[in-house]
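Notes follow the structure.
Keep in mind that the numbers below use all heavy atoms, side chains included, and drop hydrogens, waters and symmetry copies. If you read the sequence from its start, that first residue is 1, and numbering goes on from there.
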Amino acid sequence: MQRGMRSWMSRLLGVWLGVWMVSGCGLPTDASSPAQEALGSAQQGVQARPRLASGRTHSMVVRSDGTVWTSGENIAGQLGDGTTTKRSTPVKVQGLSGVVTVAAGDFHSLAVRSDGTVWAWGSNSDGQLGDGTWTFRSTPVQVLGLSGVVAVAASLTHSMAVRSDGTVWAWGENYYGQLGDGTTNDRRTPVQVLGLSGVVAVAAGANYSLAVRSDGTVWSWGSNLYGGLGNGFPNPDRSTPAQVPGLTKVVNVAAGGYYHSLALRSDGTVWAWGYNDHGQLGTGNRDDSLTPVQVKGLTGAVSVSAGTSFSLAVRSDGSVWGWGANSLEIEGRENGPLLTATPLPGLSGTSAVAAGYGFALAMRSNGSVWGWGQNDLGQLGTGASLNLERVQTQGMSDAVTVSSGFDHSLATRSDGTVWAWGRNTHGQLGNGSLLARSAPAQVLGLSDAVAVAAGTSFSLAVRSDGTVWSWGDNDDGQLGDGTWSDRSIPVQVQGLSDAVAVAAGEEHALAVRSDGTVWSWGYNYHGQLGDAATVIRNTPAQVPGLSGIVAVAAGESFSLAVRSDGTVWSWGRNHEGQLGNGTTTYLATPTPAQVPGLSGVVAVSAGTNHALAMRFDGTVWAWGYNYNGQLGDGTSAARYTPVQVTGLSGVMAVVASDSFSAAVHSDGTVWAWGYNDEGQLGDGTTTARYAPMQVPGLSGVASVAAGDDFSAVVRFDGTIWAWGLNYHGELGNGLPLFVTTVARTLY
């Protein structure tokens, strides 16, 4: 398929599901004595002040001089540096000094200054900045009407503050009553949470809120999905606080991004409730809990942090413990979740932790900050920005072809062997395991391969004897072996012989035989098999009405074929005009129909919802979805019939991915256009392009492949080069954008 859409324990919690928000998690100001600070200050009625915070994909650190530094994604201005440019090295938040504590929302940030004022920046879609407007801010603005504030918390779209008098104030979205003012009205300026006094700590989760009073009780309000309020009921929501039963002597709380909560008691035990799909409650199972239950195997805790599907704690001895989601799809590792608290190696002398969306940070007692996990947006602040750097795929010096699926790639070598790398959750790498690979590994049992195709989570190969072999995901029969079973080693597609080419879509497959007929199998709800039916097939059937076919391409839910006379034929889903027939009828052609206005075509490529055709004269034509400029005609307007890609001629290969496109010129240069947030266009930026731009520094290229958010090329010297997102090792360079051992940040 030419579309694409995006260890720890033995090495740390490289969790791919992370926190929506970390707030109110009890991180000490004086890192020299974390246990005394976190427990003692809370017992005296003063919240420990976090100096470290992680949002969805950005990080915040308060330095000893009272300045705030940030790194990571910056699409809404959440870094506060006056731009919306993502940063892989920390930048100073403009105009802030004397800061004592911070909190990070998904796309907004909060800071409390020593004078008790609160400052906010970033997304303001629901009034979460509290400045009385809906205006996004890339530099801090003061939250209106607040003084004497000692602590703040932030979630996706709401914010909270605790004043020195023990009252709690909230602002932002209030659809679920998460502001606690007895209404469900959004607020652009702070309102007092009703019925609460003597509060020492707060936490903001996904559409709900928590507070700890000086008497050690915990109170909750807002959404009660999955029992997130801890009151023994799965519903209803609450717009005013109510006490969480069964909890006493609590000194701090943390709220995850998806309805699980943690409470730290003065005796160092941690209690949890809510959603537990990945064991994030630490109870030894995956059962949700509507009331607090103790985290197993953990004592002496001094601070806690709740992620979307995982949890972290710091013990009084400075060690870090984790439990919950533990997707080890890095460096050939992939394990299940940790159902009880487990110590994490490589960290000592830790005073604070914060969890982000697939990454985590820890502050040591000397004030240094260390991070691990996903770093594709620079959220660890290590200075790495690998997704913008072209890297060589390891061990490939005699590659012939390359094909990329959603987040894995295949290559054939000159000896006919097939090699694969990237994500492997369904066995799509064909190496007999489900372990991801960040460097190529040989597909088992295949030799004499002449062509390969990578689908979303499955793979195909044609051998020189004309047989077709498949492996990976088979939920919809896309392996064509007559079963519905996933395969981690290749199996032969039934009933096919004399195949010369294959194509892999999201969940369906196509093959061209030497007699020019086309055969299809797999998912067929949108008519993408072209057999006039919508019946799923787990063995190949001939596509009627097609002959003389020389090439095929499979998109997400549609298919293309090129005949020897240069005409193009299409069938399947058409909601974005991807069939090129001038309509957007949902199921316009469940059998092949000619794409009008095209002749002399020699190759086609199908993306998610757009298509490319290369003519004999070297021009490229495109149609379908175009929101990100993937059609290359200089606009973002959808096209229901083919239009010429601007400024391209002399092209010898094309590829369409999810939201971008690329072409190889006859002079060996590469040109790309469309979506570019992960650097997949290879031009050193993350700027979308609506017309083709040359990929700098590349020459001698023979062919190109595109995954969801990454690209790869084969050069005439047999080497493979790749760039873009590297979350699962898609670039094959042995170094995915997951830091799987603790790395020192630049904070």
Side-chain angles (χ1 to χ4, degrees), residues 1-2 331-332 391-424 426-455 457-474 478-481 486-493 496-504 509 511-512 653 655 700-707 710-722 728-734:
M1 165 183 177
Q2 305 298 351
E331 299 297 334
V391 295
Q392 186 173 355
T393 299
Q394 289 185 357
M396 286 286 160
S397 58
D398 57 351
V400 178
T401 62
V402 64
S403 177
S404 298
F406 186 88
D407 41 24
H408 79 289
S409 295
L410 306 173
T412 58
R413 298 179 68 172
S414 57
D415 62 3
T417 58
V418 179
W419 296 69
W421 61 95
R423 196 174 189 184
N424 197 26
H426 295 277
Q428 58 262 48
L429 300 189
N431 58 18
S433 78
L434 301 180
L435 307 178
R437 297 281 307 184
S438 60
Q442 187 172 350
V443 175
L444 299 178
L446 277 183
S447 59
D448 299 324
V450 295
V452 289
S457 300
F458 73 103
S459 305
L460 302 173
V462 182
R463 295 182 64 180
S464 59
D465 63 3
T467 59
V468 178
W469 296 72
S470 61
W471 59 98
D473 186 16
N474 197 27
Q478 57 264 53
L479 299 190
D481 67 342
D486 292 2
R487 308 289 187 175
S488 61
I489 58 176
V491 293
Q492 187 171 349
V493 176
L496 267 185
S497 59
D498 298 323
V500 294
V502 287
V512 182
V655 64
V701 173
S703 63
V704 62
F710 69 100
S711 303
V713 298
V714 180
R715 297 182 63 183
F716 285 111
D717 62 6
T719 59
I720 296 177
W721 295 76
H728 296 285
E730 294 96 319
L731 304 190
N733 65 334

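The line from CG of D473 to OG of S459 is 10.5 Å long, rounded to the nearest 0.5 Å. Remark: S457 OG to D407 CG distance equals 6.5 Å, nearest 0.5 Å. Considering OG1 of T393 and CG of L731, their distance stands at 7.0 Å, rounded to 0.5 Å. Residue L479 holds its CG atom at 7.0 Å from CG of D486, rounded to the nearest 0.5 Å.
A heavy-atom distance below 4.5 Å is not found between the side chains of H408 and H728. The shortest distance between side-chain heavy atoms of I720 and W421 falls below 4.5 Å. S438 places none of its side-chain heavy atoms less than 4.5 Å from the side chain of N733. In this structure the side chain of N431 reaches within 4.5 angstrom of the side chain of N424, judged on heavy atoms.
Minimum heavy-atom separation, V502 to A511: CG1-CB, 4.0 Å. Listed here is the closest heavy atom pair of V655 and A706: CG2-N, 3.7 Å. Nearest heavy-atom pair across W419 and R413 is NE1-CD, 2.9 Å. Between F716 and A702, the shortest heavy-atom contact is CE2-CB, 3.6 Å. Annotation for L410 and A420: closest pair CD2-CB, 3.6 Å, computed over non-hydrogen atoms. For the pair A504 and L460, the tightest heavy-atom approach, listed with the atom from each and the gap, is CB-CD1, 4.1 Å.
Of the possible polar contacts, none joining the W721 side chain to the V391 backbone as a donor-acceptor pair under 3.5 Å is found. For S403 (side chain) and A454 (main-chain N/O), a donor-acceptor pair under 3.5 Å exists by modelled atom type.
Shown here are the side-chain hydrogen bond (donor to acceptor under 3.5 Å, both in side chains) partners of D498, two or more places apart in sequence or in another chain: there are none. For T467, the side chain to side chain contact (heavy atoms under 4.5 Å, CB included) partners at least two apart in sequence or on another chain are R463, D465, W469, Q492. By the salt bridge (charged side-chain N to carboxylate O under 4.0 Å, His left out) test, R715 pairs with no residue at all, sequence neighbours left out. Scored by the salt bridge (charged side-chain N to carboxylate O under 4.0 Å, His left out) test, D481 finds R487 as partners (sequence neighbours excluded). Remark: A451 pairs with V462 by the side chain to side chain contact (heavy atoms under 4.5 Å, CB included) rule, at least two apart or across chains. For S488, there are no side-chain hydrogen bond (donor to acceptor under 3.5 Å, both in side chains) partners at least two apart in sequence or on another chain.
Under a cut-off of 6.0 angstrom, the local environment of CG in L444 is crowded, with over 12 non-hydrogen atoms contributed by other residues, nucleotides or ligands.
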